[in-house]
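Some notes on the structure that comes next.
We use all heavy atoms of the structure for the numbers below, so side chains are in, but hydrogens, waters and symmetry mates are not. Computed from a prediction, not measured in an experiment: that's the story for all the values here. Whatever order the structure lists them in is the order used to number ligands and atoms, beginning at 1.
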Amino acid sequence: MNMQAKLASALAERQAQHLYRCRKVTTSAQGVELGVAGDNKLNFCSNDYLGLANHPLIVDAFKRAADRYGVGSGASHLVCGHSAEHHLLEEELAVFTGRERALLFSTGYMANIGCVNALMGRRDAVFEDRLNHASLLDAGLSSGAQFQRFAHNDLADLKRRLNKTEAHRRLILVDGVFSMDGDFAPLVELAQMAADHEAWLMVDDAHGFAVLGETGAGVSEHFGLSQQQLPVLMCTLGKAAGTFGAFVAGSEALIETLIQEARTYIYTTALPPAVAAAARASLEVIRTESWRREHLRQLIAQFRRGAQQLGLTLMDSQTPIQPLLIGDPAKALQASESLFEKGILISAIRPPTVPKGTARLRITLSAAHSTDQVNHLLSVLSEVI
Ligand SMILES: *Cc1c(COP(=O)(O)O)cnc(C)c1O
């Protein structure tokens, strides 16, 4: 078989299993009403949890910085691409998360890969929750450290593994909020376990940053975890912060180590300065517009009450991620298509993004939704599911 034929046959196989992935072309700014191929859909699958991706103040900051700095950053941070906007954003992120320093990366994926690889090597061991995000799993695997996955949120399983290890450095690595389930990792207990076993704790807060905690600082604020208890904190800026990029926050020594050793930091072009300026404006909105978090909490409660009344099976989630478990990928796809025909956009999440047999509709709520829109969602779900 030649290359084309080989690839075509693997693709056909994927299609037959209902695991083929397709992109929808959007034709408007991100928002709860999203243009899809020219048609407006009510959007319940974005990670723009606070509705900031098209916030006027943030858009304006982006435009003004583009006028001043242009578009491209020109080089990596260590050559000549580290602008005043990047630098100020890092300082503000460190203060916001209550850490000594913060370091910007171009994406969360790169931050995870770079950070774990800078910290861990062959003599070391990485312990990851089974449901961790793909970027964390890839980070652990590519580090060359001994790689172990423990059962989801199973402290006893993790403890057994920690007791047995003789590795030099030990890193416990988890999502703060699990991206496809919406539940929390037991971070207080994990921090204690890390301390008891001389392990380091790293948390990926892609889904908690800006959403959780009194001021929006994320899971570390929600659980009250200091830099000492949670020494490696990774947050992304492309989700609730509504912009793009990511950062790692922690001690002076951690950040300097990453600047020297994280290959996905060193060997890549810095984010456009205007993106950093937009993130600074977003940070200001996150801090000051606490009504967004409050409204979101009310919508989550409203949705869960309504779904329970309809007899839908919800997962144990207090976050804007409210998945409806379907199981079979073909059925999940079908449900997503029926919703789409009725004007509602919710994508079907299938293996390997989630474990086999747990295909689902990953419903996400945003502070930009109204109570009427959530009621509408519930009534359409009751027809479709
Ligand atoms: C989205 C996501 C990432 C990747 O962040 P990007 O900035 O989109 O690359 C990492 N971890 C988790 C848990 C995520 O959900």
task = List the steps and the verdict of side-chain hydrogen bond (donor to acceptor under 3.5 Å, both in side chains) for Gln15 and Gln17.
result = CA-CA 5 Å; Gln15 192 126 37; Gln17 294 171 335; over 6 Å; no

task = Could you give me the CA-CA distance, side-chain angles and deciding distance for Ser338 and Glu341, then say whether side-chain hydrogen bond (donor to acceptor under 3.5 Å, both in side chains) is met?
result = CA-CA 5 Å; Ser338 309; Glu341 279 160 25; 5.4 Å; no

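For ligand 1, the 4.0 Å heavy-atom shell contains residues Thr107, Gly108, Tyr109, Asn112, His133, Ser135, Asp175, Ser179, Asp204, Ala206, His207, Thr236, Lys239.
In this structure, Arg287 places its CZ atom where more than 12 heavy-atom neighbours from other residues, nucleotides or ligands lie under 6.0 Å away. By the neighbour-count criterion of 12 heavy atoms within 6.0 Å, atom CD of Glu214 is sparsely surrounded, having that number or fewer from other residues, nucleotides or ligands.
Listed for the Thr288 side chain is a donor-acceptor partner under 3.5 Å among the backbone atoms of Glu284.
A salt bridge links Lys342 with Glu383: at least one charged nitrogen is closer than 4.0 Å to a carboxylate oxygen.
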